[in-house]
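Proteins get letters first, then strands, A, B, ... in listed order; numbering begins at 1 in each. Quick note: numbers below take in every heavy atom, side chains included, and nothing from hydrogens, waters or symmetry partners.
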Number of protein chains: 2
Amino acid sequence: MTAAERRAEAKQAYDAYIAQCPSRKLLDALSDKWVSLVLTALANGPLRYSDLARTVAGVSQKMLTQTLRGLERDGLASRTVTASVPVRVDYRLTPLGTSLLPLMAAIKEWAESHIEDVELAREHYDAQRDGEQSGRNSG
Amino acid sequence: MTAAERRAEAKQAYDAYIAQCPSRKLLDALSDKWVSLVLTALANGPLRYSDLARTVAGVSQKMLTQTLRGLERDGLASRTVTASVPVRVDYRLTPLGTSLLPLMAAIKEWAESHIEDVELAREHYDAQRDGEQSGRNSG
DNA sequence: CCGTATCCCGGCGGATACTG
DNA sequence: CAGTATCCGCCGGGATACGG
């Protein structure tokens, strides 16, 4: 059995598992680096493609388009083309996409309340590791 | 300027951006494929390494360890070694990690309420695309 | 202005082998 | 049992060029 076949089988198992797990599907969707950023950018109202590119600073054209296609496919955002010259394309959240905002808010709330603890934990952990390195021979 | 330098600069900009954005940090943390699964697995109580490997079916040894180290570093989980033969290692959620559970529940709730809409939207979107493909010459 | 197609590199993550 | 080290395939995603 080749590595590719093994991979495919494992993928099958994983897919079969998440297939029955709504939470994982959602997390998979939100996991994409840019999804949450675009979602947040659109929270205030519709935006043109170029506006999005500016608002979500750092995103490449490819990823922005790809992300938007994904959101559109998932029914979270809608795409409106105005056939002028030059062409104009607006994106806006659908009701479904909008219904996600409270959840995003909840995430934001937890983050703002607790992310500092996480930061501190990291520093502590890293310091600990460094200490062990240099103190390895002294104990 | 080389491509690598451009990349580095863009990365800088992105990092600088998320550095001041708690929500993104949290999402970055939760984004890892296995984090939420491990978190969920530990929700019911402490588990041994091997138990986790079984519970989170499909995860490789490498990724499980890597995920656990990450959770430990973030102060979301703690690691307890019992020096017996064979050695025994338990992982459990910290209070901080536990505080994440309601948020996970909220995610689960949204997912269970709306993921069906997402599925339908996808089917519709895909069907639409297919239709355009085959009907391209008929209009 | 708003994309799509192509190339290509870096890194994620699985498989495997080895240690304590 | 619970890892660590290493190799390597795959694909995410940036850069670039081109079409409508």
> Please give, in whole Å, the distance from D:dC11 P to A:D28 CG?
16 Å
> Once you round it to whole Å, what is the distance between P of D:dT4 and CD of B:Q61?
10 Å
> Below 4.0 angstrom, N of the basic side chain to O of the carboxylate: do A:R122 and A:D126 qualify?
no
> Got a sec? Which of residues 63-88 of chain B come in under 4.0 Å of DNA chain C, heavy atoms?
B:M63
> Rounded to whole Å, how long is the line connecting atom CG of B:L52 with atom P of D:dC1?
14 Å
> Without decimals, in angstroms, what is the distance between B:R48 CZ and D:dA2 C1'?
10 Å
> Taking CG from A:D32 and C1' from D:dC11, how many angstroms apart are they, rounded to a whole number?
13 Å
> Ignoring backbone atoms, test whether B:Y49 places a side-chain nitrogen or oxygen under 4.0 Å from the OP1 or OP2 oxygen of D:dT4.
no
> Give the rounded distance in Å between these two atoms: NZ of B:K62 and P of D:dG9.
14 Å
> For the residue pair B:S99 and B:L96, what are the closest heavy atoms and their distance?
OG-O, 2.6 Å
> Atom CG of B:D90 and atom P of D:dA2: how far apart are they, to the nearest Å?
8 Å
> Looking at every non-hydrogen atom in both residues, tell me the closest pair between B:L64 and B:V59 and how far apart they are.
N-CG2, 3.7 Å
> Which residue pairs pass the salt bridge (charged side-chain N to carboxylate O under 4.0 Å, His left out) test when at least one of the two sits in residues 95-112 of chain A, sequence neighbours left out?
none
> Quick one: does any side-chain atom of B:T67 pair with a main-chain N or O of B:V35 as donor and acceptor, under 3.5 Å?
no
> Any side-chain heavy-atom pair from B:T82 and B:V87 closer than 4.5 angstrom?
no
